[in-house]
**Q** 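My questions will all concern the structure given below.
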Amino acid sequence: MTVHHPDFAPDPSLSRAEMESLQREIARSAVFTDDLGFDPALLDDPIARATAEAASDTDETADPEDRADGTVPLVAGVDQSFLLDQDRALSAIVVLRPAGSEWEVVERVHAVTPLEIPYIPGLLSFREGGAILAAVEELTADPDLYLFDGSGRIHFRQAGIATHIGVMLDAPSIGVAKKLLCGDPVASTEGLAAGERVAIRANADVEGPNDIAGEGSSSEGHDAADPDWPTIGSAVQSKQYDSPNRHVNPLYVSPGHRMSAATAADVVLAFAAGYKLPEPTRLADAYADEVKAEYR
DNA sequence: GCGACAG
DNA sequence: ATCTTGTCGC
């Protein structure tokens with residue numbers, strides 16, 4: 001893995017204004033359209049996957065382990081836990097690769113770094129980014145896609161933690177949050193069935209990169225009362241109960257980098273395995289807890 | 001001054 | 001995020 005934008009490092013010693021202007025610059029570098037570098041169908045279509053694997057197996061030198069054929073995507077889940085009494089952050093990364101209709105863990109790494117700043121809504125990546133990058137440095141594998149805990153484009157300056165790290169690595173990334181930071185659901189998100197989604201569009205709380213309303217298209221025809229706000233993510237119902245007395249809240253999924261909002265939601269649903277959190281993030285969360293226990 | 005916001 | 005037992009529902 002290579003850091004394509006070391007100049008976007010989440011330096012926690014920056015002033016708040018500097019952090020925010022860096023986020024605006026990151027948002028301008030972010031790509032919110034699909035540019036995965038692999039076929040996303042491989043993530044949720046066992047048949048397409050089996051076909052691709054069969055094709056690669058005909059090549060004597062093809063080795064799924066090192067992605068020699070470039071068809072088997074490696075997906076990384078990233079999550080942090082904290083050792084607050086020690087003022088340290090622990091980032092854990094779990095890398096998965098397709099194995100039949102399941103997923104197989106190919107690598108798990110972690111890193112512990114000192115906590116420099118407190119949690120400030122909108123500046124999460126400056127608190128947790130250092131630990132994440134340190135953990136990424138420990139990776140032997142080179143993931144094709146990263147799933148982060150937190151937001152991507154659903155962010156005041158369209159540069160949440162998934163966008164920040166995704167752009168730095170120039171890797172496709174997705175933000176998976178349990179709470180909505182900003183933006184408005186286009187419809188009620190109550191009582192959604194598993195597999196359903198509701199678009200989240202920008203509102204006045206969301207800045208550029210370009211003219212947000214109309215995304216810089218025709219500068220006319222948009223006023224504050226009737227804006228053509230772009231979709232920045234979606235509420236995704238990854239799990240739901242049948243009975244009416246017990247329910248699960250949706251996840252708030254947004255593209256981080258090199259991904260559209262629709263594909264980000266597709267990917268998260270493809271990783272739904274009976275739990276609210278998609279497998280990569282769920283396993284990273286469990287690994288973070290596991291490692292954390294060893295640090296005390 | 002009030003509101004308000006991931007982890 | 002973290003501090004924490006039991007408890008409700010599948």
**Q** Categorize A/K292 for me: base, sugar-phosphate, or nothing, with a 4.0 angstrom heavy-atom threshold over every strand shown.
**A** sugar-phosphate

**Q** Hey, are the side chains of A/L180 and A/P185 touching, using non-hydrogen atoms and a 4.5 Å cut-off?
**A** yes

**Q** Looking across every strand, which nucleic acid part, if any, lies under 4.0 Å from A/Y252 by heavy atom: base, sugar-phosphate, or nothing?
**A** nothing

**Q** Is there a side-chain contact between A/V75 and A/F271 (heavy atoms, below 4.5 Å)?
**A** yes

**Q** Just the atom pairs and distances: protein N or O near nucleotides 7-10 of chain C's N or O, under 3.5 Å.
**A**
residue: C/dC10; atom: OP1; partner: A/S243; partner atom: OG; Å: 2.1
residue: C/dC10; atom: OP1; partner: A/N245; partner atom: OD1; Å: 3.0

**Q** Could you check how far CG of A/D85 sits from P of C/dT2, rounded to whole Å?
**A** 12 Å

**Q** For A/R296 and C/dC3, what is the distance between atoms CZ and C1' respectively, to the nearest whole Å?
**A** 10 Å

**Q** Which value, rounded to the nearest 0.5 Å, describes the distance between A/S173 atom OG and A/L145 atom CG?
**A** 7.5 Å

**Q** Remember a base hit wins even if backbone is also touched, and classify A/L124 as base, sugar-phosphate or nothing at under 4.0 Å, heavy atoms.
**A** base

**Q** Any chance you could measure A/L14, atom CG, to A/E20, atom CD, to the nearest 0.5 Å?
**A** 11.0 Å

**Q** Would you mind classifying the nucleic acid contact of A/L123 as base, sugar-phosphate or nothing, using non-hydrogen atoms under 4.0 angstrom?
**A** base

**Q** Side-chain contact test, heavy atoms from C-beta onward, threshold under 4.5 Å: evaluate it for A/L90 versus A/Y287 and give yes or no.
**A** no

**Q** Among A/D266, A/L251, A/V253, find the one that has a side chain to side chain contact (heavy atoms under 4.5 Å, CB included) with A/R197.
**A** A/D266

**Q** Centre-to-centre under 6.0 Å for A/Y146 and A/H257, is that the case here?
**A** no

**Q** For DNA chain B, note the earliest and the latest nucleotide, 5' to 3', having some atom under 4.0 Å of a heavy atom belonging to chain A.
**A** B/dC5 to B/dG7

**Q** Do you know which of A/E138, A/E128, A/Q80, A/H110 makes side-chain hydrogen bond (donor to acceptor under 3.5 Å, both in side chains) with A/S91?
**A** A/Q80

**Q** Over all strands shown, is A/I154 touching base, sugar-phosphate only, or nothing at heavy-atom distances under 4.0 angstrom?
**A** nothing

**Q** With heavy atoms under 4.0 Å as the rule, sort A/Y119 into base, sugar-phosphate or nothing.
**A** base

**Q** Any side-chain N or O of A/K178 below 4.0 angstrom from OP1/OP2 of C/dA1?
**A** yes

**Q** Can you tell me how far the OG atom of A/S151 sits from the CD1 atom of A/I174, to the nearest 0.5 Å?
**A** 13.0 Å

